[in-house]
Amino acid sequence: MSTKVINIQDKQAQDELQSYKEYTLNAEQYYLIDQAFLIPNNKIPFRVFSLHGQMLKLLLDGDDNNPAVIDKTTADDKSDFLIKSSDIPLYQDYLAMLTQTDNAFNGDKSKSAVIVKEQSKMVMKDLFANPVSRQTVETVRDTAGHIIKCIFEEPEVIHDLLTLKKHDFYAYMHSVNVAVLTIGLGRILGLSEQTIEHHGIGALLHDIGKTTIPVEILNKQGKLSSSEFNIYKTHVAQGVKIMKEVGGLSDESMLIVLQHHEKLTGKGYPLGISDKEMKTAGRIAAIADCYEYLTTPRPNKYGLKPYEALKTIAAEKNDYDRTLLAAFVKMLGKMDAAS
Ligand SMILES: [Fe+2]
């Protein structure tokens with residue numbers, strides 16, 4: 001699928017675009033957290049900010065000596081919430097505390113799912129920031145396992161596992177979303193749990209080659225030039241190279257890294273393989289990757305609504321496996337019904 005750029009004309013949209021730019025510049029300093037964990041009366045030993053346009057507002061001013069108490073107004077606020085990246089370890093401790101607290105969520109499975117998502121995102125953030133090792137592959141295997149457990153216990157939590165926030169468009173977040181969609185599709189297709197695990201691991205690592213692409217290209221506002229797009233496309237071959245050097249990845253997982261941008265019509269990349277050469281793993285990943293790309297807002301485009309994204313993909317149905325696409329639509333339909 002070609003990159004879709006929406007023309008932005010109105011003032012409000014221009015302001016939003018500006019805030020994306022500002023946010024991208026500061027992105028390394030801040031980390032977006034999920035509001036679900038701002039539970040009233042809980043104490044947190046770190047600061048929480050809310051994002052309003054380009055402005056960050058300090059909402060909770062906690063530290064080790066004086067933890068902040070979460071109030072109801074903050075918990076009900078509909079903003080995007082950020083913490084300093086340097087406070088991520090404290091946030092991880094806070095999440096771990098919540099998972100150990102009996103009835104922290106009154107048996108609400110969706111909140112437990114959001115914890116899995118938050119922990120998965122942090123694993124992936126580390127993974128994209130540091131060289132990949134065999135240990136990384138094991139950590140990714142554990143992460144895939146947690147997502148699988150969540151979805152098999154309560155399939156409708158897929159919705160809670162997906163992040164579609166406008167200020168959270170990083171490669172690590174995309175990878176968690178693609179893994180959730182890939183695992184969910186594998187489940188509805190009745191694939192074996194082992195195959196689903198291999199697919200989940202591959203999906204979490206499918207864009208690892210983006211670590212070799214210049215950030216100017218990854219974060220560019222607007223459409224890539226053809227030479228930039230050629231560089232962007234090398235992330236697939238780079239990902240395969242990285243994972244071959246590291247080792248420890250199954251053939252099924254590697255297929256997801258290699259084939260997630262291929263199309264049945266042969267118009268994909270990097271190899272432009274045809275129908276027969278595209279394996280189930282690649283076909284699943286291609287649908288999940290495209291859907292996630294279309295629905296997530298990024299600096300140069302709005303995120304489409306689920307039905308709009310599905311319509312866009314269906315319009316190019318020869319590029320995608322029709323049977324898998326039908327199962328994917330069914331899965332999302334169930335998700336919508338549950339939400
Ligand atoms: Fe990719």
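Indexing begins at 1, ligand by ligand and atom by atom, following the structure's order. Along the sequence shown, the residues carry numbers beginning at 1.
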Visitor: Closest to the Fe ion (ligand 1), which N/O/S atom of His261 is it?
Guide: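 The Fe ion (ligand 1) is closest to the His261 atom NE2, counting only N, O or S.
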Visitor: Would you say the side chains of His260 and Asp207 form a donor-acceptor pair under 3.5 Å?
Guide: yes
Visitor: Is it the case that Ser250 and His198 place a side-chain donor and acceptor less than 3.5 Å from each other?
Guide: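 On atom types as modelled, these side chains qualify, holding a pair under 3.5 Å.
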Visitor: Would you mind naming the N, O or S atom of His260 nearest to the Fe ion (ligand 1)?
Guide: NE2
Visitor: Under the rule for ring-ring contact (aromatic ring centres under 6.0 Å, His included), what residues qualify as partners of His261, not counting sequence neighbours?
Guide: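 If we apply the ring-ring contact (aromatic ring centres under 6.0 Å, His included) test to His261, skipping adjacent residues, the hits are His235, Tyr269.
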Visitor: Do any of the N, O or S atoms of Asp207 sit under 2.8 Å from the Fe ion (ligand 1)?
Guide: yes
Visitor: In chain order, what residues pass the side-chain hydrogen bond (donor to acceptor under 3.5 Å, both in side chains) check against Asp71, with sequence neighbours excluded?
Guide: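 By the side-chain hydrogen bond (donor to acceptor under 3.5 Å, both in side chains) rule, Asp71 matches Thr74.
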Visitor: So, is His206 placed with an N/O/S atom under 2.8 Å from the Fe ion (ligand 1), counting both backbone and side chain?
Guide: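 Looking at His206, which is the residue asked about, there is no N, O or S atom under 2.8 Å from the Fe ion (ligand 1).
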